[in-house]
J.: 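What follows is a single structure, and I will ask about it in a moment.
We use all heavy atoms of the structure for the numbers below, so side chains are in, but hydrogens, waters and symmetry mates are not. All residue numbers refer to positions in the sequence shown, counting from 1.
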Amino acid sequence: MKTFKLYRVFVYVALIALAISIIVPVAWVFIASVKQNKELYGNPWTLPETIYFQNFIDAWTKARMGDYMLTSVLVTGVALLLLLAIALPASYVLSRFNFIGRKFLNTAFMAGLFINASYIVVPIFLMLVDGDKFLRSLGLSGFFLNNPFIVSLVYASNALPFTIYLLSGYFQTLPHDFEEAAYIDGAGYFRTMVQIMFPMAKPAIITIILFNFLSFWNEYIIAMTLLTDPNGSKTLPVGLLELTQAQQAKAEFGRLYAGLVLVMLPTLILYMIVQKKLTQGMTLGGLKG
């Protein structure tokens, strides 16, 4: 019993230390984002003299973080829509029906878990370059590079194997009684899938939306490689890097920290909104009482 209590104390101490190591840097960035530039050269732990919102205004307009935010919202939103439109029906069919080629498809998707688009981004880039060259040879304008929709497509394709793996495992835990009752009532396969099974998998769906949102929102390598136009669309992580490089010469750190807050804030808000559903998706099975 004494050993168990010591173990619990150790776990709590470790969790508190981990929480402090995460909360303190995040809080410091938020505080630094509302300081004037001259205050950042003094004690970094002092509170700001006044709330200086001009940093956010400058980051949003002068540093083009507003444009980058819009691009990130569009890229992430389209990628999530594409992913859900493909992964939900695919995972449901692969987990609930037996058909020729099912085992091969499952194996192919499982193999995709070991492939990360960041490692093959150069071949993807060269393929898109060749695609644009081919279109120009036909007298058309190329649209594969510097196209946020193509970036969304790459994001969704990269996340597809893990998403199908996660959703398939959840669908397999759902009893067949609900489908049989729907078939008896005259519902077809598609209606049963959309109106019966998808709502039952809501916790798992919210979980994969949050995980993939964080992945898409913070992704840097693919966006930097495929969005090459200096004056074109860029996502927030790429724009933040450019802002970082620009501030090294101008030393306007308040604007830089404001840009960091703009990148972090949507993920923090989303997590607070769906925290309860996320916990359910990670802990609950599909069997209902």
Side-chain angles (χ1 to χ4, degrees), residues 8-77 80 206-207 209-221 223-224 227 230 233-282:
R8 289 186 62 182
V9 171
F10 171 77
V11 171
Y12 283 128
V13 170
L15 290 175
I16 292 172
L18 179 62
I20 292 174
S21 67
I22 296 174
I23 293 173
V24 170
V26 172
W28 187 88
V29 170
F30 274 86
I31 293 174
S33 68
V34 293
K35 285 185 176 182
Q36 297 187 50
N37 210 46
K38 61 181 181 180
E39 298 179 69
L40 296 170
Y41 291 100
N43 188 345
W45 299 105
T46 58
L47 294 175
E49 298 175 0
T50 58
I51 305 299
Y52 191 65
F53 285 110
Q54 187 63 38
N55 290 330
F56 289 93
I57 297 174
D58 291 342
W60 188 266
T61 56
K62 296 180 181 179
R64 295 185 59 199
M65 297 301 286
D67 296 337
Y68 301 150
M69 173 78 79
L70 178 60
T71 301
S72 283
V73 169
L74 292 175
V75 168
T76 302
L80 286 174
I206 292 177
T207 300
I209 288 176
L210 179 60
F211 282 167
N212 285 304
F213 173 86
L214 295 175
S215 176
F216 299 160
W217 186 264
N218 296 315
E219 200 284 324
Y220 166 73
I221 296 177
M224 180 191 68
L227 300 175
S233 300
K234 296 185 185 300
T235 59
L236 270 176
V238 179
L240 185 61
L241 176 66
E242 293 187 352
L243 178 59
T244 303
Q245 294 172 342
Q247 301 320 307
Q248 289 177 353
K250 298 181 180 179
E252 295 177 356
F253 297 110
R255 186 186 301 181
L256 172 61
Y257 294 127
L260 284 170
V261 171
L262 290 175
V263 175
M264 291 191 300
L265 201 57
T267 59
L268 294 176
I269 294 174
L270 179 64
Y271 178 77
M272 289 188 291
I273 293 174
V274 303
Q275 180 183 10
K276 184 177 180 180
K277 293 294 183 181
L278 174 63
T279 304
Q280 292 178 357
M282 296 176 65

J.: Would you name the heavy atoms of Thr71 and Ser233 that are closest together and state the gap between them?
T.: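 Where Thr71 meets Ser233 most closely, the heavy atoms are OG1-CB, 3.8 Å.
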J.: Would the distance check show the side chain of Trp217 and the main-chain N or O of Pro266 forming a donor-acceptor pair, the cut-off being under 3.5 Å?
T.: no
J.: For the residue pair Val261 and Val29, establish whether any side-chain heavy-atom pair is separated by less than 4.5 Å.
T.: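 A side-chain contact under 4.5 Å exists here.
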J.: Roughly how far, to the nearest 0.5 Å, is NZ of Lys234 from OH of Tyr68?
T.: 6.5 Å
J.: Is a donor on one side and an acceptor on the other found under 3.5 Å between the side chain of Gln54 and the backbone of Phe56?
T.: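 Pair absent, no side-chain N/O of Gln54 close to backbone of Phe56.
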J.: Could you measure the distance from the CG atom of Leu214 to the OG1 atom of Thr76? Nearest 0.5 Å is fine.
T.: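 Output value for this atom pair is 10.0 Å.
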J.: Calculate, to the nearest 0.5 Å, the distance between atoms CG and CG belonging to Leu210 and Leu80 respectively.
T.: 10.0 Å
J.: Sequence neighbours left out, what passes ring-ring contact (aromatic ring centres under 6.0 Å, His included) with Phe216? Give chain and number order.
T.: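 Phe216: ring-ring contact (aromatic ring centres under 6.0 Å, His included) contacts with Tyr155.
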J.: Ser33 side chain to Phe30 main-chain N or O, any donor-acceptor pair under 3.5 Å?
T.: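 Yes.
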J.: Does a side-chain heavy-atom distance below 4.5 Å link Asn55 with Tyr257?
T.: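 Contact flag for Asn55/Tyr257 side chains = no.
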J.: Enter the distance from Leu262:CG to Leu240:CG here, rounded to the nearest 0.5 Å.
T.: 9.0 Å
J.: Just by modelled atom types, is the Phe211 backbone N or O under 3.5 Å from a matching donor or acceptor in the Ser215 side chain?
T.: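 Side chain of Ser215 to backbone of Phe211, a donor-acceptor pair under 3.5 Å: no, none is there.
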J.: If we ignore hydrogens and angles and just use 3.5 Å, is the side chain of Ser21 paired with the main-chain N or O of Leu18 as donor and acceptor?
T.: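 Yes, because the side chain of Ser21 sits within donor-acceptor range (under 3.5 Å) of the backbone of Leu18.
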J.: Does Lys35 have any salt bridge (Lys or Arg N to Asp or Glu O under 4.0 Å) partners at least two apart in sequence or in another chain, and if so, which?
T.: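 Lys35 satisfies salt bridge (Lys or Arg N to Asp or Glu O under 4.0 Å) with no residue once adjacent residues are dropped.
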J.: Could you tell me which non-hydrogen atom of Met65 sits nearest to which non-hydrogen atom of Leu236, and how far apart they are?
T.: CE-CD2, 3.4 Å
J.: Quick one: does Glu39's side chain get under 4.5 Å of Thr46's, heavy atoms only?
T.: no
J.: Considering residues at least two apart in sequence or located in another chain, which fulfil the ring-ring contact (aromatic ring centres under 6.0 Å, His included) criterion with Tyr52?
T.: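 ring-ring contact (aromatic ring centres under 6.0 Å, His included) check on Tyr52 returns nothing, list empty.
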J.: Mind checking the CD1-CD spacing from Ile51 to Gln36? Nearest 0.5 Å is all I need.
T.: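 Answer rounded to 0.5 Å: 11.0 Å.
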J.: What's the separation between atom OG1 in Thr235 and atom CG in Asn218, rounded to the nearest 0.5 Å?
T.: 10.0 Å
J.: For the residue pair Tyr220 and Leu241, establish whether any side-chain heavy-atom pair is separated by less than 4.5 Å.
T.: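 In short, these two side chains touch, coming nearer than 4.5 Å.
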